[in-house]
Amino acid sequence: RASAELQPLDSTISDSERFRDCRKFVMKCSSCHSSFDFGGIQASNKYQTTYSGIKCLSCQQMLSPLAVSAQLEHFLRHEISAYYAGWLVCDDCGIKTRQVSVYGRRCIGKSGKAYGCKGIMRYVYSDKQLYNQLLYLQSLFDVDKAKKRVLKPLVADHEFEDKENKPVALNQGELDALVEQNRDLFRSHQRVVDKYLAECGRRYVDMGGIFEFMSVFKR
Ligand SMILES: [Zn+2]
Ligand SMILES: [Zn+2]
């Protein structure tokens, strides 16, 4: 059946796997200027999601929703300009260029005339990567993923050198309450990402279509 065939492509991939190569969303506290990796509603020693939003644990100050949205927007713009910079890299000799060769995807080589190397040029930051990066940012504010504890972990378990510093996981009751209290706020942050997903939409018509279609079969 269609649903059974389509599902494995998308929903059996965990966020840890799918977003493995995504850049982390680093937030900066507006009060003390310390920065931290934001991973959604999950345990961290650097920040805490409270009933009224995100709190910096260095100075105990809340980050205003506007500050969060502004940083999210800044990060998104940075990713999108990196994508539009359009760097190409040769899969053989590793030469990097922004020059699209008149010889198609063939490596332009040192001469710039497409000889001397048989490599193929690929975009350093591909459509797929940008799309994935946007989905990653959206997932960070997905409270239902937080509730199911399926968000990409901030630090993989084996990466904790000092077990004593490992943040204490939230208990389910606490987590459920935080999810409901932050649902609207986090949804408003997701809308910032939605805007960029829509803006770049025409580039993802096909890919977006597939994902949208598949989301019908999710769960
Ligand atoms: Zn702070
Ligand atoms: Zn080359």
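Counting convention: from 1, in listed order, for ligands and their atoms alike.
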(message) According to salt bridge (Lys or Arg N to Asp or Glu O under 4.0 Å), does anything in residues 23-50 pair up with another residue at least two apart or in another chain? List the pairs.
(response) R23-E79, K24-D37
(request) List the steps, then state whether side chain to side chain donor-acceptor pair (under 3.5 Å) holds for R149 with Q172. (result) CA-CA 9 Å; R149 301 178 192 268; Q172 197 63 42; 3.0 Å; yes
(message) Under a 4.0 Å threshold between the charged nitrogen and the carboxylate oxygen, would R187 count as salt-bridged to D194?
(response) yes
(request) Applying side-chain contact (heavy atoms from CB on, under 4.5 Å), name anything that partners T50, two or more places apart in sequence or on another chain. (result) Q48, S52, K55, M62
(message) Set out, in order, the CA-CA distance, both residues' side-chain angles and the distance that settles side chain to side chain donor-acceptor pair (under 3.5 Å) for Y83 and D127, then state yes or no.
(response) CA-CA 8 Å; Y83 165 76; D127 289 349; 2.3 Å; yes
(request) Find out whether S139 and F19 are in side-chain contact, i.e. whether some heavy atom of one side chain is under 4.5 Å from a heavy atom of the other. (result) yes
(request) Would you give the length of the straight line joining atom CZ of F25 to atom CZ of F141, rounded to the nearest 0.5 angstrom? (result) 5.0 Å
(message) Does any part of the side chain of R77, heavy atoms only, come nearer than 4.5 Å to the side chain of H74, both counted from C-beta?
(response) no
(message) With 2.8 Å as the threshold, which protein atoms of type N, O or S lie near the Zn ion (ligand 1)? Leave waters out.
(response) C29 SG, C32 SG, C56 SG, C59 SG
(request) Taking the side chain as every heavy atom from C-beta outward, state whether F186 and I41 have any atom pair closer than 4.5 Å. (result) yes
(message) Strictly under 2.8 Å, how many protein N, O or S atoms lie near the Zn ion (ligand 2)? Waters don't count.
(response) 4
